[in-house]
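Here's the structure we're looking at; comments come further down.
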Amino acid sequence: MSRTWWRGAAIYQVYLRSFADGNGDGCGDLAGLRSRLGYLKDLGIDAVWLNPWYPSPMADGGYDVADYRDIEPVFGTLAEAEAFIAEAHEHGIKVIIDVVPNHSSTASAWFQEALADPRARDRFWFRDEPNGWSSIFGGPAWTQVPDGQWYLHLFAPEQPDLNWDNPEVHQEFEDVLRFWFDRGVDGFRVDSAALLFKSEDAYEDLDGVHDVYRRWREIADEYGGVRAGDQDGGQGEEPGGGQGGERVLIGEVWLPDQERFARYLRPDELHTAFNFDFLACPWDPAELRRVIDLTLATHLPIGAPPTWVLSNHDVTRPVTRYGRADTGFQHGGRLHGSPSDLELGRRRARAAALLAMALPGGVYVYQGEELGLPEVEDLPDEARQDPMFARSGGANPGRDGCRVPLPWSGEEPPFGFGGPGPSAPPWLPQPEGWRKLTAQAQLADLDSMLNLYRSALRLRRELLGDGTLTWLPSEAGVLAFRRESGLVCVSNLGPAAVPLPPGELLLASGPVEGGALPPDTTAWLTGAGPGVSGR
């Protein structure tokens, strides 16, 4: 794998609690993840990104971090984490972990010290009087402590915001980065990357964040810099036992202003950031073309690779979303309970996967996406654990529906989630109807979503990844482009079948008969002609 592996990598997101349960207690863990590394290698991904695995009261699925230098006991131990990193590297898989710098946990040592001694409160945002800010999760963004002061939490009350005007906070996170780099981690995904600094009237995208990421980039470069005698960019051992190649910083940056978004990706700051415009884009050819062009135009001047994301642990799964009349996504309007044609959604999700994988840059696959899992919208209220649900009084169903544990095998829940032996029920209930969606069932079906992903990721590694694209002439409703390798991607979002250009058909998201590409279908070809036309 090249030093700049991250520029065109296929990265698989692991929501550890729901991936695989190694000890049968109903909760996913490191033992379960380690047992499935062969599955991930065979899938064809280049790296895994893990949501927070740190000690946490789990008020927000682990994003309320109590200790940044250890592992949540439910997931395992620090020794197991180190073993996992080493084993992933043996499989040729890089490891990216979450870092959560905007807030910590009310259970953290720092916050407990602040409660006991007001002189220790400058690491957080304590005030005598709150302002009118609301929490992103709903309700007020301030909570009062027994002595009358208030502390800021842009998310849940259990997640007090850190004060990045305090040098101690800077030093703490620099030390945390080094702690994990020394253990072989290949990169960090930076949660809520634009929210760190606050003023009296704003808390997003203030200029101080850029100085933080410039310093973090210096640290990452210390671990991933070119070594003497290795000027050709080859691999080899580096500080912390890594595989070679750059250490990467990936930002979660939700900003509508593309110019300000691009500032986070300057050569001395973050390496990449998630493309939420593409993730939220409806299944519409004009909108997709607009977002793709805007993304490429934003990244080109700064030399950063774009990323392409269809889903993650916070958004409605594509199979459900693409089957609705409104196929876009907004956090404030999750469209819970809106009718969804899952067959249509699955056809579009397959087509969208091939489209995303063919675009230049990196691509992310959220666990279960490769199985075509739908959103679980009928979870009983008592099972829901997302604070969005509780803080909205049930008006917002929260994100639990895309976090239901994966089905691995068998005919009934827990579908092999806890391994072959007896195990406790999963922490969120799985639908009975998932028996046809297990990994085991799909491996035996050549036309399954899982086998489509395996084939696409294999071809992507050979023919796609980082680079540019050239749009090809096509009729309305069709997106067609050629990559440097000669691969041509054609996505038909129109109402009628269109003829494919001459060439060898490498892969298609659905049946292609008589040289015609059906609606809601994507095809990859090589040796194709100059354009796609319905005439």
Side-chain angles (χ1 to χ4, degrees), residues 12-22 24-29 32-33 35-36 39-40 42-43 61 310-324 334 336-350 352-353 365-386 397-454 509:
Y12 186 93
Q13 181 188 352
V14 171
Y15 192 78
L16 192 54
R17 200 176 183 188
S18 297
F19 184 71
D21 172 15
D25 67 355
C27 186
D29 50 35
L33 175 57
S35 74
R36 301 290 182 178
Y39 169 87
L40 295 176
D42 292 342
L43 182 60
L310 294 177
S311 64
N312 65 28
H313 65 293
D314 287 334
V315 306
T316 305
R317 285 196 176 274
V319 165
T320 297
R321 179 162 61 94
Y322 287 142
R324 290 175 171 159
R334 297 179 66 87
H336 179 69
S338 298
S340 179
D341 180 341
L342 295 184
E343 282 305 311
L344 175 63
R346 187 165 286 108
R347 188 163 66 249
R348 288 174 171 173
R350 290 170 65 97
V365 176
Y366 174 50
Q367 65 179 46
E369 184 184 312
E370 80 279 14
L371 300 177
L373 299 183
E375 187 85 357
V376 182
E377 298 190 290
D378 58 353
L379 289 168
D381 287 351
E382 61 271 17
R384 296 184 183 275
Q385 300 189 29
D386 188 351
R399 300 158 294 177
D400 291 318
C402 64
R403 301 175 177 181
V404 173
L406 297 190
W408 290 99
S409 60
E411 295 294 318
E412 59 186 25
F415 295 118
F417 175 67
S423 61
W427 70 280
L428 285 174
Q430 301 159 306
E432 294 277 351
W434 277 10
R435 60 177 54 89
K436 294 182 179 180
L437 298 178
T438 68
Q440 181 184 60
Q442 294 200 42
L443 283 172
D445 178 3
L446 294 179
D447 295 325
S448 69
M449 183 78 88
L450 177 56
N451 278 316
L452 176 71
Y453 268 72
R454 284 162 57 108
S509 63

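Numbers here are sequence positions counted from 1.
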What are the two closest non-hydrogen atoms of [X] and [Y], and how far apart are they?
X: Ser509; Y: Arg350; value: O-NE, 2.6 Å
X: Gly368; Y: Tyr12; value: N-OH, 3.8 Å
X: Phe417; Y: Gly26; value: CE2-O, 3.6 Å
X: Pro380; Y: Pro429; value: CD-CG, 4.3 Å
X: Ala439; Y: Leu450; value: O-CD2, 3.7 Å
X: Asp400; Y: Asp386; value: OD2-N, 3.0 Å

Do [X] and [Y] come within less than 4.5 Å of each other through their side chains, counting heavy atoms only?
X: Arg454; Y: Leu443; answer: yes
X: Pro405; Y: Pro414; answer: no
X: Phe415; Y: Pro431; answer: no
X: Glu377; Y: Pro397; answer: no

Rounded distance [0.5 Å steps], [atom1] in [X] versus [atom2] in [Y]:
X: Lys436; Y: Glu411; atom1: NZ; atom2: CD; result: 10.0 Å
X: Thr320; Y: Leu373; atom1: OG1; atom2: CG; result: 9.5 Å
X: Leu379; Y: Gln430; atom1: CG; atom2: CD; result: 11.0 Å
X: Cys402; Y: His313; atom1: SG; atom2: NE2; result: 8.0 Å
X: Gln442; Y: Ser448; atom1: CD; atom2: OG; result: 4.5 Å
X: Leu371; Y: Arg317; atom1: CG; atom2: CZ; result: 8.0 Å

query = How about Tyr39 and Glu370: does a side-chain donor come under 3.5 Å of a side-chain acceptor?
reply = yes
task = Report the C-alpha distance between Val315 and Tyr366 in whole Å, list the side-chain angles of each, state the deciding distance to 0.1 Å, and finish with yes or no for side chain to side chain contact (heavy atoms under 4.5 Å, CB included).
result = CA-CA 10 Å; Val315 306; Tyr366 174 50; over 6 Å; no
ask   = Under the side chain to side chain contact (heavy atoms under 4.5 Å, CB included) criterion, do Val376 and Asp378 qualify, and how do the steps go?
value = CA-CA 6 Å; Val376 182; Asp378 58 353; 3.6 Å; yes
Using a 3.5 Å distance criterion without hydrogens, assess whether the side chain of [X] forms a donor-acceptor pair with backbone atoms of [Y].
X: Thr316; Y: Arg321; value: no
X: Arg399; Y: Asp314; value: no
X: Trp408; Y: Phe19; value: yes
X: Trp427; Y: Arg17; value: yes
X: Asn451; Y: Asp445; value: yes
X: Glu432; Y: Pro413; value: no

task = Any chance you could lay out the side chain to side chain contact (heavy atoms under 4.5 Å, CB included) test for Asp29 and Asp21, step after step, and finish with the verdict?
result = CA-CA 5 Å; Asp29 50 35; Asp21 172 15; 3.4 Å; yes
